[in-house]
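What follows is one structure encoded as structure tokens, with my remarks underneath.
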Amino acid sequence: MTAAVFFGCAFIAFGPAFALFIFTIARDPLRVIIFIAGAFFWLLSLLLSSLVWFIAMKASNAEDTKVQKGLLIFGVMFSVLIQEVFRFAYYRLLRKANEGLAAISDEETSPISVRQMAYVAGLGFGIISGAFSMINILSDSLGPGTVGIFGDSQYYFITSALMTLAITLLHTFWGVVFFEGCEKSRWWVIAVVVCLHLLVSGLSLLNPLYEGSLPPVYAVTVLMAVWAFFSSGGSLHNLSLLFTSKRSEVESS
Amino acid sequence: MEAAFFTRSTMVKMKNSSRVAGVAVIKSNTGPTEGFSPHTSCPNQNTGVYTEHYGPELANCNNTVWNPLGNGLSYEDFAFPIFSLKDDNQTQVIRKCYEDHNMRMNGSAPQYPLCAMQLFSHMHAVTDTVTCMRRTDLQNSFSINPEKLCDPLSDFNVWTSIRPLNNSIKGHKENESVVIAAARLDGRSFFWDIAPSAEGTVSSIVTLLAAAQALYPVALEAPPQRNIFFTFFQGEAFDYIGSSRMVYDMENSKFVIDLDNVHSLLEIGQIGLRNGQSLWMHSDPVSRKNTTVNKQVTLFIKSVASSLNLSLNEPSATQALPPSSFQRFLRVRPVPGLVLADHQASFTNRYYESLYDTATYLNVTYPSDLSPEQQLEYETEAAKSLTQVATLVARSIYKQAGGEDRFLNNITADTKTVTLFFSGFNIFVLKMCTNMCAPSSSAESSPPQYYIGLRLDNTVKSVTRFVQFILANMTGTVTKLNQSQCQNPKDVPGESKDLYSYSWVSGPVSVNGTTDPYCVRSSVHLSKALSPAFELTDYGSREYSTWTESRWKTIRARIFLVASPQLEMMTLGVGVAVLLVSLVVTYFISSKAELLFSATREPPNTTY
């Protein structure tokens, strides 16, 4: 669909992720390492789940569309579960690493807190998941045409970009909440995160009924944003402090 | 667009419009009833024999317009690609895409997304032959990896002689007087490599082949006084490439004979649409002003007319010679000659050099219950008519070469052979070739096309090969040489590579699929048909043909839907907005992070 759509969709899908990376991760090399490792863990989970789906698909009848659709749904659900398992594995790895980091640092404590690691790991998951979803679509959008000659919706590119944006943010928030839940041994938190992930992925199967998939996913995103804010130490008091301090700065200057 | 709209007026309108980016024409099997010829109305007018110095009143078709239906489309310069599409499933997809998305509904303009088509047809050459050959020469001189931009059209003429001549000695042959029987091998149309040329070319090829087959046994048994050449000229549609080259070679002693050896020439023009009416014998009035030439031509006409009981006529004495290879001979020497045609003045062919000049146009129809093998052998009216002409040609050539009258009746063309050739050259060559072709023939199941094309590695065009090997099989003798001897007969006693050419033929395929190959010795040769202008590197020559074909990248097309520009701009706008907002918000939040994300009760040594 030409360069305009390419840049538009790229900015929509990766704009916030890019901003987050630039302002919060790029300056600290330790955060960059945790970010990349998190992305790698997500890639591993995807590799494993796609291997399972691929074998199942090859073993089944390629002609039968019902079976293929069923396999696809199974594949999606299985992948979600594997991703969450790998998130947990990464949490365990980071906890171990944290002790090591604390040992080698000048101060007695680790240079990075578990909350920050949670955020960085979640962002790593999110960006790589978004990249995997969106890059092929972006490269196709560079051509002169758009989707639709076989009857599909012409809004495919925009909705894919919006979905990718949501998924990226969701992974970030889930990372924060998940690690917090593991820290405090609140297992119901983990269960809720997994269920929400399953819900969001299941909603994406409703496409091309975009009204059915996008608004609920964004609702979940907003919900998760609020939860992650409170889970990572924010509070309404802090928010009010933010605005009053600004006002006081304005008054004093 | 559908084929009915492919007319000159439409195409000129599109050429002048700035809003047309390309044209795709859906071919139809039959042409418009009023005729369609994209060639000019006066074919090859600048390279024929009539100029201001020779017959000025006949030059530029002042006297007779040969192709009145010609609209000159093939000679227009279009700045956009023009594709031709077969009317099959893929074309139906294109039509459906148009109907689904681009048609006007109730008088209002169609809504986005709209169906669009992209044509890829990159050509390396620009402007004209002089420019692109100059650039190619520059590349060859100065570049490490030279890139050719265009290639001259070239292929090979096929010729054979009744009495073999020493091919390695070029130039004038003592005591040789030769009668040449000629036909053309090529055609063209508006589109590249589409040239069915049934009336224009195939009829004359088939007739000459049948005449050769009829004449050879008698000529071997009772040799005529003079030698006889059967020649097939390639590239005649493009300003007489083959015949101008042969005449040039004859003039410069690079051919096995020269012009002094040529006694007379009989050319077979377009004869497929005779339909039982008379055949016309055209001659050149300007050369006939000379009494000797006139006497020879009159004698020739008499011998032709008396060969067979066929209705023959001469057009008016002041009428010019139609466009034919004979004109190139006349440019150099007033050789007595005739051109046989089915038209008196302008062509009866309504589809001259167009894609509609097919077997269907010649009314070659078969009863529907025949299999392809049976179709090859079914004797159509067209084939019978051509057989008569072939007999006429064979007998008149024999008579003109000084053969005795008592043998004339033994010379008869075989209707079965003509039928086989006619179907083969028009419709499916593969079947015909299993009976008498060389092992290197490629499998082609579509009708052969007669556009001359290029010779990139000195390969020979398949149709030329067919003609060569068919002629060799018909007029040659089977020898007992094995394959290696056949390819190099130098050391075999009694065989001479100078006089003959040897071909290893696979022979007919037997019942269980095996072939029994053998070596055929014949005097069929190929001579290069590349315009002398390229030998002389005179790329802007006005004497010789300077046609070239541009090099091109893969030619393809695709269809897709195009979104409205508003939607695209909106996507970009939303994207930029999202990016800016997220940058601002993230900066803001990260700068206030300590304030936002601190818990109210904190152990003092916890770092964030």
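Lettering of chains follows the sequences in order, A, B, ..., and the numbering in each one begins at 1. Not measured: the values here are computed from a predicted model. Excluded from the calculations below are hydrogen atoms, water molecules and symmetry mates; all remaining heavy atoms, backbone and side chain alike, are included.
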> Do B/Thr548 and B/Thr129 get their side chains close enough for a donor-acceptor pair, meaning under 3.5 Å?
Replying inline: yes

>> Looking at chain B, which one of A/Phe11, A/Tyr155, A/Phe150 has the largest number of heavy-atom pairs inside 4.5 Å, strictly under?
In response: A/Phe11

> In terms of heavy-atom pairs under 4.5 Å, which option from A/Phe229, A/Phe7, A/Phe14 contacts chain B the most?
Replying inline: A/Phe229

> Among B/Leu572, B/Ile589, B/Val578, B/Val574, which residue forms the greatest number of heavy-atom pairs with chain A at distances under 4.5 Å?
Replying inline: B/Leu572

> Does the distance from a Lys or Arg side-chain N to an Asp or Glu carboxylate O, for B/Arg8 and B/Glu76, drop under 4.0 Å?
Replying inline: yes

> Do A/Phe125 and A/Trp174 have their ring centres less than 6.0 Å from each other?
Replying inline: no

> Which region of B/Leu580, side chain (C-beta onward) or backbone (N, CA, C, O), has a non-hydrogen atom less than 4.5 Å from a non-hydrogen atom of chain A, or is it both or neither?
Replying inline: neither

>> Once side-chain hydrogen bond (donor to acceptor under 3.5 Å, both in side chains) is applied, do any residues pair with B/Arg95, and if so which ones, sequence neighbours excluded?
In response: B/Glu2, B/Asp87, B/Gln92

